[in-house]
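Notes follow once the structure below has been shown.
Computed over heavy atoms, backbone and side chain alike; hydrogens, waters and symmetry mates excluded.
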Amino acid sequence: MYIPRRYEERDVEKIHAFIRENSFAILVSVMDGRPVATHIPLLLEKDEQGRDVLVGHVSRGNEQKLSFDGGAKVLAIFPGPHAYVSPRWYTQINVPTWNYISVHVYGTLTVMEGDELKAALSRLVHNYEQHLPKPVEIGEIPEKQLASELRGIVGFRILVEEVQAAYKLSQNRDEGSYHEVIRQLDGGDETARAVAGEMRDRGHELFSSKKPPEK
């Protein structure tokens, strides 16, 4: 992913938190020379050696599974909030743009089966159920039904090899423009307000040094 240096996020903990909060990802692989993709939740974990991995599954009826053989190289895209930015919001009119956060994760995929797949599915269910008023645990699902469902999916883990994180949030603008963009986005929809919130969190650090914006 193309990321100008001023928009690149390198804080690993911050990136991991973003992945966990925006875990409904797009898994991209290549099959017969053509990119294929599936929208699925991916769980960020550590493997037995302490390495970062992404864990998930696709339907067995999904032809993308055919691209998983032999240690497939894959890309997981984690989109975040995004919003249009009007040039009218700047202290001096310029071109319009788009503010956004997105993380790309590259890695090698291996297929999981049997007890390993069942355990991974249990963790995935727990991750999304734990905050609900009456969370469901996988052990509550009748064994026969669970076994049938497990036969219908292909589980995998992705060993994370490279992470690219873009936080394009008007860092190239002057302080007045920056805060006006926040004010305008605060009046928008939920996604726009999320962008404004991230900008607000970064604003103090961005302008505390009083350095001029990068060109």
Side-chain angles (χ1 to χ4, degrees), residues 1-5 7-80 82 100-130 137-139 141 143-167:
M1 173 168 56
Y2 170 66
I3 311 175
R5 187 164 53 184
Y7 302 140
E8 184 180 10
E9 178 59 65
R10 298 183 180 182
D11 186 318
V12 173
E13 292 304 315
K14 186 171 291 186
I15 295 169
H16 283 184
F18 173 86
I19 289 174
R20 293 187 178 101
E21 292 166 7
N22 299 271
S23 58
F24 193 65
I26 305 167
L27 178 67
V28 183
S29 58
V30 177
M31 186 168 66
D32 298 328
R34 181 186 182 190
V36 291
T38 301
H39 298 251
I40 49 171
L42 293 174
L43 195 60
L44 178 63
E45 299 183 327
K46 296 284 188 183
D47 68 5
E48 299 83 356
Q49 300 176 50
R51 301 174 299 182
D52 292 331
V53 294
L54 295 169
V55 177
H57 63 271
V58 298
S59 168
R60 192 166 291 278
N62 187 337
E63 289 190 352
Q64 189 176 10
K65 70 181 181 185
L66 301 176
S67 69
F68 291 172
D69 294 337
K73 297 294 183 180
V74 298
L75 164 64
I77 301 174
F78 295 87
H82 57 90
Y100 64 91
I101 303 173
S102 184
V103 171
H104 288 193
V105 178
Y106 296 84
T108 301
L109 182 149
T110 55
V111 172
M112 294 190 300
E113 298 176 327
D115 290 341
E116 186 180 18
L117 173 57
K118 184 176 179 180
L121 187 62
S122 179
R123 296 192 302 273
L124 187 70
V125 170
H126 176 75
N127 182 67
Y128 296 109
E129 285 280 338
Q130 61 181 319
E137 294 294 337
I138 199 170
I141 302 172
E143 189 63 34
K144 185 176 181 180
Q145 182 179 349
L146 179 60
S148 176
E149 294 297 327
L150 286 169
R151 288 194 295 272
I153 62 176
V154 176
F156 57 81
R157 67 167 59 186
I158 301 165
L159 177 62
V160 175
E161 294 165 345
E162 183 180 359
V163 178
Q164 300 173 351
Y167 280 59

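- Taking the side chain to side chain contact (heavy atoms under 4.5 Å, CB included) definition, one finds that Ala72 meets it with Val74, sequence neighbours left out.
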Contacts table for residues 107-116: side-chain donor-acceptor under 3.5 angstrom, sequence neighbours left out:
from   : atom 1 : to     : atom 2 : distance (Å)
Thr108 : OG1    : Lys73  : NZ     : 2.7
Thr108 : OG1    : Glu161 : OE1    : 3.4
Thr108 : OG1    : Glu161 : OE2    : 2.6
Glu116 : OE2    : Arg157 : NH2    : 3.0

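- For the atom pair OG of Ser29 and CZ of Arg34, the computed distance is 11.5 Å after rounding to the nearest 0.5 Å.
- Looking at heavy atoms from C-beta onward, Leu27 lies out of side-chain contact with Leu54 at the 4.5 angstrom threshold.
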Derivation of the side chain to side chain contact (heavy atoms under 4.5 Å, CB included) call for Leu44 and Ser23
CA-CA 8 Å; Leu44 178 63; Ser23 58; over 6 Å; no
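- The distance from atom CD of Glu149 to atom CG of Leu121, rounded to the nearest 0.5 Å, is 9.0 Å.
- The side chain to side chain contact (heavy atoms under 4.5 Å, CB included) test with Ile19 singles out one residue from Leu42, Val103, Val160, Leu43, and that residue is Val103.
- A search for side chain to side chain contact (heavy atoms under 4.5 Å, CB included) contacts involving Ala37 returns Ile26, Val28, not counting sequence neighbours.
- Among pairs with a residue in residues 38-62, none fulfils ring pair (Phe, Tyr, Trp, His ring centres under 6.0 Å), at least two apart in sequence or across chains.
- Closest approach of Ser102 to Ile77, counting heavy atoms only: OG-CG2, 4.2 Å.
- Of all non-hydrogen atoms in Lys118 and Ile138, the two that sit nearest each other are O-CD1, 4.2 Å.
- Partners of Arg20 according to the side-chain hydrogen bond (donor to acceptor under 3.5 Å, both in side chains) rule, which considers only residues two or more places apart in sequence or in another chain, do not exist here.
- Listed by first then second residue, pairs satisfying salt bridge (charged side-chain N to carboxylate O under 4.0 Å, His left out) with a partner in residues 56-70 number zero, not counting sequence neighbours.
- The two atoms that bring His82 and Tyr100 nearest to each other are CB-CB, 3.7 Å, heavy atoms only.
- The two residues His104 and Leu75 make their nearest non-hydrogen contact at CB-CD1, 3.7 Å.
- In plain terms, the two heavy atoms of Ser67 and Met31 that are nearest each other are CB-CB, 4.0 Å.
- Under the side-chain hydrogen bond (donor to acceptor under 3.5 Å, both in side chains) criterion, Lys46 pairs with Asp52, not counting sequence neighbours.
- Looking at Pro79 and Asn22, their side chains never come closer than 4.5 Å, going by heavy atoms from C-beta outward.
- The side-chain hydrogen bond (donor to acceptor under 3.5 Å, both in side chains) check on Thr38 picks up Asn62, Gln64, with sequence neighbours excluded.
- In plain terms, the two heavy atoms of Gly155 and Leu117 that are nearest each other are CA-CD1, 3.5 Å.
- Phe68 pairs by the ring pair (Phe, Tyr, Trp, His ring centres under 6.0 Å) definition with Phe156, not counting sequence neighbours.
- For Lys14, the side chain to side chain contact (heavy atoms under 4.5 Å, CB included) partners are Glu9, Asp11, Tyr167, Arg202, not counting sequence neighbours.
- Residues passing the side-chain hydrogen bond (donor to acceptor under 3.5 Å, both in side chains) test with Arg151: none are found, sequence neighbours excluded.
- Residues passing the side chain to side chain contact (heavy atoms under 4.5 Å, CB included) test with Glu129, sequence neighbours excluded: Val125, Leu132, Pro135, Val136.
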